[in-house]
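These figures come from a predicted structure and were not determined experimentally.
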Amino acid sequence: MPRKTRLAYGRIVLKISGEGLCRPGGFGLDADEIERLAREISRVHEARAQVAVVVGGGNLLRGATAARDARLPEATAHYMGMLATVINALALQEAIESFGVETRVMSSIAVAAVCEPFARRRCIAHLEKGRVVILAAGTGRPFVTTDTAAALAALEIGADALLKATKVDGVYSADPARNPKAKFYPHLSYDRAIADRLGVMDLTALEMCRQKHIPVIVFSLKKNGNIRKVVLGGKVGTIIDAR
């Protein structure tokens with residue numbers, strides 16, 4: 001009988017930007033990128049971790065940009081952005097299930113024909129039954145980022161950690177693409193990350209994690225195996241906690 005894998009984090013919320021579903025610098029949905037991401041999530045599922053995914057929608061529509069360019073009321077534009085995350089969630093669901101992993105999409109905005117409404121107890125029940133849950137439509141309210149939605153989800157479902165997968169390999173003192181001398185931080189305290197405004201994630205989200213002592217791990221989405229390594233306790237990216 002195979003030994004059970006020892007997990008550093010048994011239940012996680014994985015925050016993925018919409019750009020994770022398209023090619024770098026691209027737009028829309030890319031089949032290869034979605035398949036690669038689904039494979040990475042299925043490998044975490046194989047390790048027996050409970051996985052809830054919060055997906056953004058920036059590859060399809062950003063609320064603030066739509067408000068400006070289409071001259072829409074900002075609240076309306078944000079609702080449109082939330083619906084973009086539902087599109088991404090459905091695409092990711094199909095890809096994850098192609099690897100034999102049962103998956104559910106739960107939305108904070110009612111879209112009954114294609115996914116379930118979010119309900120805390122039902123979400124936890126899905127996770128405990130070994131299903132991957134994709135949380136779409138942010139918080140269901142405008143003017144709130146999907147980072148904050150991910151932090152709120154982590155609090156609601158009792159996650160052991162919030163994993164933020166990004167285009168860089170952790171947190172730096174400055175943008176490493178613009179400043180080659182930017183310092184990499186393997187570890188940060190919540191207070192330092194908030195006070196220095198290092199652009200880790202939305203400050204509201206980070207403060208929520210600080211109050212409830214949920215560690216935040218920031219790492220590169222594009223490096224294969226990273227999500228599984230984090231779940232198994234490997235040294236990947238930047239960890240933000242109370243220490």
Side-chain angles (χ1 to χ4, degrees), residues 7-21 37-38 40-45 47-58 82 85-86 88-89 92-93 96 101 103-108 115-140 144-166 170-171 190 193 200-221 226-233 236-242:
L7 302 175
Y9 307 110
R11 178 180 293 171
I12 64 166
V13 170
L14 173 64
K15 167 59 171 58
I16 300 170
S17 68
E19 286 82 354
L21 282 72
L37 177 56
E40 292 297 295
I41 293 171
S42 71
R43 292 187 65 200
V44 177
H45 179 268
R48 299 291 187 266
Q50 296 179 9
V51 184
V53 182
V54 173
V55 63
M82 287 181 239
T85 73
V86 176
N88 282 342
L92 186 57
Q93 178 186 38
I96 294 172
V101 178
T103 307
R104 295 289 187 272
V105 174
M106 305 188 84
S107 172
S108 295
C115 56
E116 300 177 26
F118 175 78
R120 174 180 169 272
R121 287 181 178 271
R122 183 175 292 178
C123 179
I124 292 171
H126 284 320
L127 294 172
E128 291 177 343
K129 290 177 181 177
R131 296 164 181 155
V132 170
V133 178
I134 306 172
L135 303 175
T139 65
V144 181
T145 69
T146 48
D147 277 354
T148 296
L152 181 60
L155 270 60
E156 282 192 273
I157 68 172
D160 299 314
L162 171 55
L163 279 57
K164 180 167 182 180
T166 70
V171 181
Y190 298 115
V200 176
M201 63 194 313
D202 183 281
L203 292 179
T204 300
L206 198 54
E207 175 61 23
M208 291 170 69
C209 291
R210 185 188 73 81
Q211 290 179 8
K212 297 300 181 181
H213 305 289
I214 296 175
V216 178
I217 300 94
V218 183
F219 61 97
S220 172
L221 174 64
N226 264 359
I227 306 172
R228 183 182 172 99
K229 285 180 183 176
V230 172
V231 168
L232 296 179
V236 180
T238 302
I239 184 167
I240 304 167
D241 57 22

**Q** What's the shortest heavy-atom distance between G20 and L37, and which atoms?
**A** O-CD2, 4.2 Å

**Q** What do the steps show when you test V101 against I41 for side-chain contact (heavy atoms from CB on, under 4.5 Å), and what is the final call?
**A** CA-CA 9 Å; V101 178; I41 293 171; over 6 Å; no

**Q** Assess whether side-chain contact (heavy atoms from CB on, under 4.5 Å) is satisfied between M208 and T148, documenting all intermediate values.
**A** CA-CA 8 Å; M208 291 170 69; T148 296; 4.0 Å; yes

**Q** Side-chain contact test, heavy atoms from C-beta onward, threshold under 4.5 Å: evaluate it for Q50 versus I12 and give yes or no.
**A** no

**Q** L206 versus V216: any side-chain heavy-atom pair under 4.5 Å?
**A** yes

**Q** Nearest heavy-atom pair of A8 and V230: which atoms, and what distance?
**A** CB-O, 4.3 Å

**Q** Do the side chains of L92 and V53 get nearer than 4.5 Å, heavy atoms only?
**A** yes

**Q** Who pairs with E116 by side-chain contact (heavy atoms from CB on, under 4.5 Å), at least two apart in sequence or on another chain?
**A** R104, M106, R122, H126

**Q** Check this for me: does any side-chain nitrogen of one of K229 and E40 sit under 4.0 Å from a carboxylate oxygen of the other?
**A** no

**Q** For T204, give me all partners under side chain to side chain donor-acceptor pair (under 3.5 Å), at least two apart in sequence or on another chain.
**A** D202

**Q** Are Y190 and C209 packed together at the side-chain level, in the sense that at least one heavy-atom pair is separated by less than 4.5 angstrom?
**A** yes

**Q** Restricting to non-hydrogen atoms, name the atom on N226 and the atom on S220 that form the minimum distance, rounded to 0.1 Å.
**A** ND2-O, 2.9 Å

**Q** Would you please test R11 and E128 for salt bridge (Lys or Arg N to Asp or Glu O under 4.0 Å) and show each step?
**A** CA-CA 10 Å; R11 178 180 293 171; E128 291 177 343; 3.8 Å; yes

**Q** Taking T238 for its side chain and G170 for its backbone only, find out whether a donor-acceptor pair lies under 3.5 Å.
**A** no

**Q** Less than 4.5 Å apart, side chain to side chain, heavy atoms only: is that true for T166 and V218?
**A** yes

**Q** For a 4.5 angstrom cut-off between non-hydrogen side-chain atoms, does S108 reach T139?
**A** no

**Q** Could you tell me whether the side chain of K164 and the main chain of V200 form a donor-acceptor pair under 3.5 Å?
**A** yes

**Q** At their closest point, which heavy atom of G56 faces which heavy atom of T85, and how far apart are they?
**A** C-CG2, 3.5 Å

**Q** For I134 and C115, run side-chain contact (heavy atoms from CB on, under 4.5 Å): C-alpha distance rounded to whole Å, both residues' side-chain angles, the deciding distance at 0.1 Å, then the answer.
**A** CA-CA 10 Å; I134 306 172; C115 56; over 6 Å; no

**Q** Applying side-chain contact (heavy atoms from CB on, under 4.5 Å), run through K15 and L163 and close with a yes or a no.
**A** CA-CA 6 Å; K15 167 59 171 58; L163 279 57; over 6 Å; no

**Q** Are V54 and V13 packed together at the side-chain level, in the sense that at least one heavy-atom pair is separated by less than 4.5 angstrom?
**A** yes

**Q** Answer yes or no: is there a side-chain heavy-atom contact under 4.5 Å between T146 and M82?
**A** no

**Q** So which atom in A242 and which in H213 form the shortest heavy-atom distance, rounded to 0.1 Å?
**A** CB-ND1, 4.4 Å

**Q** Search all heavy atoms of L232 against all heavy atoms of A47 and return the closest pair with its distance.
**A** CD2-CB, 4.5 Å

**Q** Using only atom types and a distance under 3.5 Å, with no angle test, would you say the side chain of D160 pairs donor to acceptor with the backbone of G10?
**A** yes

